[in-house]
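First the structure, in the form of structure tokens, and then the observations on it.
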Amino acid sequence: MDEKLARVAVLAGANSEVAETLDKVLTGPNDRAYVVCGYLDCKLNVKGHCTIYTVLDVPRMKTGRPCSSYEKRQVAEN
């Protein structure tokens, strides 16, 4: 990860409001949060933004065998 992008992500995670909100939302053992960040690089500073996606009750991976719940679908072309 780029050093400046890592700095933006760390600052977003260090925000106490963000941490408190995630503590309230992510209560289960299989709850996950994914952070997507971007930044604008100026001469004197770096400005960034992050979006945090939460997924509740993520099913555990089945090891050693393919997922049986997928189905093949055909996409119609225009």
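In terms of heavy-atom proximity, His49 sits nearest to Val8 at N-CG1, 4.1 Å. In this structure, Cys50 and Ala9 approach most closely via the heavy-atom pair SG-CA, 4.2 Å.
Other members of the cluster containing Leu40 do not exist, because no ILVMFWY side chain is joined to it at under 4.5 Å.
Under the side chain to side chain donor-acceptor pair (under 3.5 Å) criterion, no residue pair touches residues 9-18, with sequence neighbours excluded.
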What pairs of donor and acceptor atoms, side-chain ones from residues 27-36 against any protein atom, are under 3.5 angstrom apart with sequence neighbours left out?
unit_1, atom_1, unit_2, atom_2, d
Asp31, OD1, Asp57, N, 2.7
Asp31, OD2, Thr27, N, 3.1
Asp31, OD2, Gly28, N, 2.7
Arg32, NH1, Pro29, O, 3.2

TODO: Walk me through it: do Leu56 and Val25 pass the test side chain to side chain contact (heavy atoms under 4.5 Å, CB included)?
DONE: CA-CA 8 Å; Leu56 304 180; Val25 172; 4.1 Å; yes
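In this structure, OG1 in Thr21 is found 10.0 Å from CG in Leu26, a value given to the nearest 0.5 Å. For the atom pair Cys37 SG and Asp2 CG, the distance stands at 11.5 Å (nearest 0.5 Å).
Contact check for Val55 versus Val58: side-chain heavy atoms found under the 4.5 Å cut-off.
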